[in-house]
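Everything quoted here is computed from the prediction, not taken from an experiment. Numbers restart at 1 for each chain; the letters A, B, ... are given by sequence-line order, proteins then strands.
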Amino acid sequence: MSTYPELGQYLLGLKESLAASVQQKFPDSGITAGDIVLEKPPSLELGEFAYPCFNLAKKLKKNPALVAAAVAENFVATSSIRKLEAAGPYLNIQVEAGQFIGVVCETICKSKENFGRSQDGKGRRVMVEYSSPNTNKPLHIGHVRNNLIGMALANVLEFCGYGVVKANLVNDRGVHICKSMLAYDKWGNDTTPQLSGVKGDHLVGQFYVQFENALKKEREEYAASKNIALKKFGKDYEKSLREEIKACKDPTAKQKLQHELRQLGDDGEKFEQEFLAQSQLYGEAMEMLRNWEQNDPKVRALWQKMNGWVLDGFRTTYDTLGCKFDKFYYESDTYTLGRDQVEEGVKKGVFYRQPDGSIWVSADKLHEVSPRWFEGIQLKDKLLLRADGTSVYMTQDIGTAILKFKDFELTDSLYVVADEQILHFKILFSALKLLGFPWAEHCHHIYYGMVTLPHGMGKIKSREGTAVDADDLISEMVARAKEKMQEMKEQLRVSADKLDETALSIALAALKVFVLQVSMDKNIQFDPCQTIEFTGDTGPAIQYSHARICNMLRKAADEHQIDMKKLSDVDYGLLNAPEEMAVTRQLCEFPDIVLTSGRSYDSSPIANYLLSLTKNYARMYALHPVIKGDMLKAENTALRNARLKLAQAVADVIRIGMSLLGVNTPENM
RNA sequence: GCGCCCGUAGCUCAACGGAUAGAGUUGUGGACUUCGAAUCCAAAGGUUACAGGUUCGAAUCCUGUCGGGCGCGCCA
């Protein structure tokens with residue numbers, strides 16, 4: 001019976017052998033196993049590992065190809081390295097295949113759910129703030145990306161040995177909240193989610209939209225009465241003018257447009273302000289906000305009631321998506337917290353007070369404390385506290401940041417928020433630095449691109465109804481999963497009572513893998529008409545491979561009395577097909593992928609890895625039978641057992657990786 | 001105007017500064033009496049937006065140009 005070293009030990013052994021060979025040929029190189037980084041050759045025919053000799057050659061001041069050739073020439077095979085070949089500047093290593101496959105399979109078999117787990121983040125306690133919704137409307141597809149990224153990130157960090165606190169900062173106060181409340185007060189007829197049968201967050205969202213529509217109508221009437229073109233309100237007109245100028249080819253027309261732009265000045269903003277100042281509706285919303293801040297019992301009661309509905313709705317969506325939180329912060333609790341700190345900043349001389357009483361941080365100070373962040377940016381001074389003492393977003397964020405570190409003794413604080421807020425967080429972290437908090441260096445904005453709609457479909461804006469609603473999206477996906485299951489019901493292996501559960505699991509796998517495989521800094525294009533596929537490079541395909549392996553293992557146990565736990569003397573040397581090596585080689589990468597993912601705060605490498613692993617497995621499986629035909633004959637027992645072991649290792653890694661992404665892996669589907 | 005991000009196959013996306021830039025999808029042609037066809041195989045698809053530069057080597061780094069997105073609020 002053969003025993004195998006653990007994978008990490010084995011890889012270290014390879015590096016040591018290699019280092020020894022290099023030392024022997026080039027005693028001056030001073031190279032050790034720790035200096036060696038092993039890569040994957042472009043084709044496994046060349047070898048399982050590759051050592052690029054560029055750094056070594058630089059050290060020796062020789063040509064990398066000659067160095068590689070010299071080392072290869074002297075190499076004597078070891079128990080683990082069968083062959084060392086130079087190919088240009090690379091040394092390609094061909095390992096003793098049976099041993100390598102044994103190491104990988106046995107390591108996975110022994111470590112099970114802990115394969116790939118590390119202590120990389122030992123001693124660090126990290127808060128991952130994500131989701132952070134407003135309580136005036138339901139979650140949309142943009143929030144979905146946020147939630148999935150946040151959840152996966154938290155999982156990965158925990159797996160890498162960090163202490164992790166998952167937090168949600170609920171934005172539950174402000175004018176936008178009052179808008180929904182006012183609309184409900186005016187036109188709601190005391191309806192409730194129960195009475196209307198509408199999910200709480202959607203119901204409140206309807207009133208928000210109703211308010212915005214009413215305000216829009218008011219603006220139209222106002223514009224007509226003042227004889228000002230409606231398009232001149234707000235900043236949008238200025239923006240469209242700029243675009244027109246850009247596109248304009250005719251010089252005289254262009255001059256005319258540029259003239260108009262100069263004339264415009266701040267008119268758009270001015271018109272909008274003038275409109276709002278006299279607006280009946282907006283005035284009422286503001287009054288409601290003031291009453292809220294003064295603890296008016298009636299307003300507070302309404303606020304409590306409606307926020308309760310929204311949060312109930314969110315909870316349902318979070319449960320469906322599998323989002324978990326250890327701590328909820330509510331802006332209504334924390335919004336006053338920043339005030340004292342901001343005042344303190346004035347005393348310290350890092351912020352300043354305007355004659356009207358408002359408090360600001362100057363652009364100069366920001367440049368001073370974070371020169372690199374603001375290089376080349378024409379910054380304006382930033383308001384931290386209004387003249388009337390009320391908070392803005394920044395005030396609240398300063399307070400909450402401090403509270404987080406106090407509450408949990410954090411070493412790092414991560415904010416999963418879309419990239420449109422990059423500047424906001426640069427300023428926030430700089431303000432914290434100015435206040436003298438040393439941990440400000442350990443605050444990180446984890447940003448990701450937006451979710452965009454296909455060309456011609458406008459932008460995702462919940463106010464204008466172009467947003468793709470999160471709940472709608474999920475239920476549409478579930479409906480499609482059920483349709484698909486119906487189509488292929490003959491081969492379905494799901495018991496009747498688990499149909500709904502499985503359909504949800506598949507739908508979410510499709511959604512999550514679709515979103516999580518894309519690099520964080522890219523926008524995702526989402527086409528609501530095509531939604532998301534279930535075949536090809538998708539989450540369900542990964543689940544499918546996993547379910548098939550589970551089924552095969554069950555069959556092996558039930559019909560062929562093979563107890564996987566008792567397979568102790570497996571001859572991995574029988575696995576000599578290139579596809580089997582390809583799968584093994586990929587399994588052995590998993591711990592590195594997880595490590596990279598954790599260190600870069602990015603889970604997309606894991607998603608891409610799983611898609612690729614699944615593809616390689618499917619190819620192997622199509623070519624090399626495990627428990628069918630001749631494989632059931634006695635003379636093939638050993639080969640069959642080895643293949644079963646490898647398949648099980650694949651299933652284990654799929655399950656671990658998918659759980660890091662927050663995706664289920666059902667045993668039947 | 002200033003700043004940040006993106007530009008890779010028809011489409012959606014991969015590729016620690018490294019070897020012949022890879023998948024899926026679409027379309028074409030094959031493979032189910034046999035481990036689950038949500039699968040596999042084959043051919044097809046590229047001047048990595050463009051122009052320079054850095055070096056042994058650039059899709060990746062630097063400069064410029066062109067496209068697209070976002071930001072520069074007493075909104076959050």
Side-chain angles (χ1 to χ4, degrees), chain A residues 37 39 41-43 46 50 52 54 57-58 63-65 87-90 92 132 134 136 171 174-176 235 242 269 331 356 358 360 374-380 382-388 390-394 396-397 418-424 426 447 449-450 452 454-455 459 481 484-485 487-488 490-493 506 510 514 517-519 521-527 530 532-538 540-541 543-545 547-549 551-552 555-556 559 592 596 600 604-605 608 611-612 615 618-619 621-632 640 643 647 668-669:
Chain A
V37 177
E39 294 178 359
S43 152
L46 297 169
F54 302 105
K58 196 170 268 178
N63 181 324
Y90 291 90
N92 289 324
S132 305
N134 293 330
N136 62 334
N171 192 301
V175 205
H176 52 299
K235 283 192 167 177
R242 283 185 196 282
E269 198 69 350
E331 202 196 315
D356 67 359
S358 58
W360 300 70
F374 301 117
E375 204 177 353
I377 299 183
Q378 304 166 351
L379 268 182
K380 291 176 190 157
K382 183 77 187 173
L383 178 88
L384 300 179
L385 195 67
R386 290 195 188 99
D388 61 5
T390 59
S391 299
V392 288
Y393 185 40
M394 194 61 81
Q396 171 274 127
D397 255 352
D419 61 5
E420 59 193 348
Q421 295 198 34
I422 287 175
L423 187 59
H424 168 80
K426 282 181 176 175
Y447 53 85
M450 324 200 60
T452 63
H455 269 307
K459 286 175 186 134
K484 182 92 186 168
M485 287 163 83
E487 270 171 37
M488 39 191 284
E490 298 85 27
Q491 43 171 334
L492 228 48
R493 308 283 173 97
I506 293 168
F514 172 81
Q517 79 189 107
V518 182
S519 315
D521 50 12
K522 283 193 176 156
N523 292 344
I524 287 186
Q525 188 160 118
F526 178 79
D527 186 343
Q530 282 180 257
I532 299 159
E533 300 295 331
F534 293 147
T535 54
D537 242 342
T538 65
Q543 290 179 313
Y544 178 70
S545 280
R548 281 183 72 176
I549 296 172
N551 196 46
M552 182 175 71
K555 219 167 183 174
E559 293 173 23
D592 273 345
T596 308
S600 57
S604 67
N608 283 302
L611 289 166
S612 167
K615 209 160 0 197
R619 179 171 297 144
Y621 188 68
L623 256 47
H624 308 291
V626 182
I627 52 166
K628 75 165 182 181
D630 287 349
M631 293 304 292
L632 294 170
R640 188 185 66 202
R643 286 185 178 165
N668 285 304
M669 59 188 280

Taking the [atom1] atom of each, how far is [N] from [M], in whole Å?
| N | M | atom1 | result |
| --- | --- | --- | --- |
| B:rA43 | B:rU26 | C1' | 15 Å |
| B:rA49 | B:rG67 | P | 16 Å |
| B:rU63 | B:rC6 | P | 13 Å |
| B:rA51 | B:rC16 | P | 25 Å |
| B:rU48 | B:rC40 | P | 29 Å |
| B:rC41 | B:rC32 | P | 16 Å |
| B:rA42 | B:rC5 | P | 40 Å |
| B:rG17 | B:rG24 | C1' | 27 Å |

Between the protein and nucleotides 59-65 of chain B, which nitrogen or oxygen pairs come in under 3.5 angstrom?
none

Quick one: classify the glycosidic conformation of B:rC32 as syn or anti, with syn meaning within 90° of 0. syn
Can you check side-chain hydrogen bond (donor to acceptor under 3.5 Å, both in side chains) on A:Ser519 and A:Asp521, steps first, answer last? CA-CA 6 Å; A:Ser519 315; A:Asp521 50 12; 4.6 Å; no
Whole Å only: how far is the [atom1] atom of [X] from the [atom2] atom of [N]?
| X | N | atom1 | atom2 | answer |
| --- | --- | --- | --- | --- |
| A:Ile532 | B:rG24 | CD1 | C1' | 14 Å |
| A:Arg619 | B:rG22 | CZ | P | 13 Å |
| A:Asp527 | B:rU26 | CG | P | 14 Å |
| A:Glu420 | B:rC72 | CD | P | 9 Å |
| A:Lys382 | B:rC74 | NZ | P | 6 Å |
| A:Gln396 | B:rG73 | CD | P | 19 Å |

So [Y] and [X], do their side chains get closer than 4.5 Å, heavy atoms only?
| X | Y | result |
| --- | --- | --- |
| A:Gln421 | A:Tyr447 | no |
| A:Tyr621 | A:Ile549 | no |
| A:Arg640 | A:Ile627 | yes |
| A:Val392 | A:Arg386 | yes |
| A:Asp397 | A:His424 | yes |

Could you report the tightest heavy-atom contact between [X] and [Y], atom names first, then the distance?
| X | Y | result |
| --- | --- | --- |
| A:Met488 | A:Lys484 | CG-O, 3.0 Å |
| A:Ala510 | A:Ile532 | O-CG2, 3.7 Å |
| A:Leu385 | A:Thr390 | CD1-O, 3.6 Å |

Closest to the A:Leu423 side chain, choosing from B:rC74, B:rC72, B:rC41: B:rC72
When the nearest nucleotide of RNA chain B is assigned to A:Lys380 and to A:Asn92 on a heavy-atom basis, which residue is associated with the more 5' position? A:Asn92
Can you work out whether A:Asn134 or A:Ser43 has the more 5'-proximal nearest nucleotide on RNA chain B? A:Ser43
Under the 3.5 angstrom rule, does the side chain of [X] hit a backbone N or O of [Y] as a donor-acceptor pair?
| X | Y | answer |
| --- | --- | --- |
| A:Thr452 | A:Ile524 | yes |
| A:Asn523 | A:Met450 | yes |
| A:Ser600 | A:Thr596 | yes |

Dot-bracket for RNA chain B, please. Rules: Watson-Crick or G-U, both distances under 3.5 Å, ( ) within the strand, [ ] when a pair crosses earlier ones, | for another strand, . otherwise. (((((((..((((....[...))))..((((.......))))......(((((..]....))))))))))))....
Evaluate whether atom OH of A:Tyr393 has more than 12 neighbouring non-hydrogen atoms of other residues, nucleotides or ligands under 6.0 angstrom away. yes
With a non-hydrogen cut-off below 4.0 angstrom, is [X] in contact with a base, only sugar-phosphate, or nothing?
| X | answer |
| --- | --- |
| A:Asp397 | nothing |
| A:Glu331 | sugar-phosphate |
| A:Pro41 | base |
| A:Asn136 | nothing |
| A:Ala50 | base |
| A:Phe54 | base |

Just jot down the salt bridge (charged side-chain N to carboxylate O under 4.0 Å, His left out) partners of A:Arg643, sequence neighbours excluded, or say none. A:Glu580
Sequence-aligned protein contact record of nucleotides 3-16 of chain B, with B where the base is within under 4.0 Å of a protein heavy atom and S where only the sugar-phosphate is: S-SSSB---SSS-B
At under 4.0 Å between heavy atoms, which parts of nucleotides 32-37 of chain B does protein reach? Answer with one letter per nucleotide, 5' to 3': B base, S sugar-phosphate only, - none. ---BBS
Can you list the residues that meet the side-chain contact (heavy atoms from CB on, under 4.5 Å) rule with A:Leu623, with sequence neighbours excluded? A:Glu579
Tell me, with the steps shown, if A:Leu423 and A:Phe374 meet side chain to side chain contact (heavy atoms under 4.5 Å, CB included). CA-CA 9 Å; A:Leu423 187 59; A:Phe374 301 117; 4.1 Å; yes
